[in-house]
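Note sheet for the following structure.
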Amino acid sequence: MPLEIIRNDITKVHADAIVNAANTSLLGRGGVDGAIHAAAGPDLLKECRTLGGCEAGEAKITKGYNLQAKYIIHTVGPIWRGGNSNEEELLTNCYKNSLELVKDYKLESVAFPLISTGVYGYPKDKALKIAISVISDFLLKNDVTIYLVIYDKHAFMISSKLFSSIKQYIDDRYIEEHSYARERYMKNSICESQCIVKEVEVKNRKLEDILNNIDESFSEMLLRLIYEKGMDDVDVYKRANVDRRLFSKIRNDKNYKPSKSTVIAFVISLRLNLDETKDLLLKAGFALSHSSKFDIIIEYFIENKIYDIFEINEELFTFDENTLG
Ligand code: APR
């Protein structure tokens, strides 16, 4: 999965490099800066002293010393002053310049903290959107695994309207699911005939669809959909947050059995509607269920035609659900 949002202490993350949210002196202090210096040991400070500081938005690289990471990329985020002091551009540059160093040093993986969202006071949801936007653009052109490390999950609830509307959607579906079942049980004679007609119709459509492609595997259906939608493989797996190696496995093995989250990642990438989603899931042996919060959240995004996998992963993470890809 090229971009993973994880909850951890960044000094414990296995990556070629970890990014430090430093200050212009590069001489360490508190927060993630303090944690990295403490874990890396005194030799880090010695090397930092030779760098001559760092401007906000810039990035410099040192060795990782006692850390598991080979390198530490130090970048200095903007101090939040209300949003009219070039904060967005400076924070964007922090991620861009750090990723330039990842490319220059040919690193395969890197872990970022949420720069500027601690002492420097940058609103977490704004900062997260900037991080995800820069990282997802970078991933369209580069094969690197990137971890976005959220440290204080509890303090980090996205208070976006998206979060509350998904919450409402979950509640509605969950109630609907249970009240419908109760209602159907109570009025089974009346509803029964209607439901039978409806189910026969649904079965006919599905039966016809299934009969048309009865011997089509998940992999064959995926490749057929990519062809029918005129998309190219690279664009599809990048937008699915799936790495190249996994995609070529699926492409070369017609009986490949993907995970449910991988199937749904391709659903998002191909912008399928709910019926197409159910068909593709069925090919891999899965279904959507209203007793699963994860499934209801996915259904919310499909119903609302929101197909940005990084935005979806952000919300899944907030609901403590597995992310896609
Ligand atoms: N691992 C991952 N993330 C962490 C860790 C950790 N061990 N410790 C803190 N964080 C998170 C914070 O919760 C916050 O979301 O990193 C994010 C950035 O917070 P800060 O470390 O305070 O960095 P920042 O807001 O950019 O302020 C930089 O703080 O530590 C000083 O020297 C640093 O002066 C600089 C300023």
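When a ligand or atom number is given, it counts from 1 through the structure's own listing order. Quick note: residue numbers are just sequence positions, from 1. Keep in mind the model is a prediction, meaning the values are calculated, not measured.
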What I'd like to find out is whether the side chain of I226 reaches to under 4.5 Å of the side chain of D233, using heavy atoms alone. yes
Going by the atom numbers of ligand 1, which of them fall below 4.0 Å from some non-hydrogen atom of D9? 1 (N), 6 (C), 7 (N)
Going by salt bridge (charged side-chain N to carboxylate O under 4.0 Å, His left out), name the pairs with one or both residues in residues 10-22, residues two or more places apart or in two chains. D9-K12, D16-K70
Flag yes if F286 and I264 sit in one hydrophobic cluster, no otherwise; membership is Ile, Leu, Val, Met, Phe, Trp, Tyr, and two members link when side-chain heavy atoms are under 4.5 Å apart. yes
Shortest protein contact, atom 21 (O) of ligand 1 (heavy atom only): V32 N, 2.7 Å
I10: numbered ligand 1 atoms lying under 4.0 Å from its heavy atoms: 1 (N), 2 (C), 6 (C)
So if I count the atoms of ligand 1 from 1 in the order they appear, which ones are less than 4.0 Å from some heavy atom of D33? 30 (O), 32 (O), 33 (C)
With atoms numbered from 1 as shown, which atoms in ligand 1 lie under 4.0 angstrom from a non-hydrogen atom of L114? 17 (C), 18 (C)
A student checking ligand 1 against K124 at a 4.0 Å heavy-atom cut-off should list atoms 15 (O)
Write out the residue and atom name of the closest protein heavy atom to atom 25 (O) of ligand 1, then the distance separating them to 0.1 Å. G118 N, 2.8 Å
Mind checking whether T11 has a heavy atom under 4.0 Å from ligand 1? no
Among I309, T145, T323, I135, which one satisfies side chain to side chain contact (heavy atoms under 4.5 Å, CB included) with L3? I135
Quick check on side chain to side chain contact (heavy atoms under 4.5 Å, CB included): which of I130, V149, L91, I150 does L114 satisfy it with? I150
Closest to atom 26 (O) of ligand 1 among P78, A39, S116, G28 (heavy-atom distance): S116
Mind telling me whether Y105 and Y71 have parallel, tilted or perpendicular rings, with 30° and 60° as the class edges? perpendicular
Tell me: protein heavy atom nearest atom 14 (C) of ligand 1, and distance? T117 OG1, 3.3 Å
What protein heavy atom is closest to atom 3 (N) of ligand 1, reported as residue, atom name and distance in Å? Y151 CB, 3.2 Å
Name the closest protein heavy atom to atom 35 (C) of ligand 1, giving the residue it belongs to and the distance to 0.1 Å. Y120 OH, 3.5 Å
Element-labelled atoms of ligand 1 that are located less than 4.0 Å from some non-hydrogen atom of A21: 23 (O), 26 (O), 28 (C), 33 (C)
Distance col, row K124:NZ vs K129:NZ, nearest 0.5 angstrom, shows 14.5 Å
Proximal candidate to atom 31 (C) of ligand 1 [heavy atom criterion; set C94, P113, A22, G30]: G30
Mark yes when over 12 heavy atoms from residues, nucleotides or ligands other than Q68 sit less than 6.0 Å from its CD; otherwise mark no. yes
Residue that, paired with I146, satisfies side chain to side chain contact (heavy atoms under 4.5 Å, CB included) out of V19, V110, V102: V110
Would you check the N or O atoms of G34, main chain and side chain alike, for any that come under 3.5 Å of an N or O of ligand 1? no
pair Y122-P78: side-chain heavy atoms closer than 4.5 Å: yes
Which pairs count as salt bridge (charged side-chain N to carboxylate O under 4.0 Å, His left out) when at least one residue sits in residues 76-88, sequence neighbours excluded? none
Any N or O on N23 sitting closer than 3.5 Å to an N or O of ligand 1? yes
I'd like to know if atom 12 (C) of ligand 1 has any protein heavy atom within a distance of less than 4.0 Å. no
Quick check: V119 and ligand 1, any N/O pair under 3.5 Å apart? yes
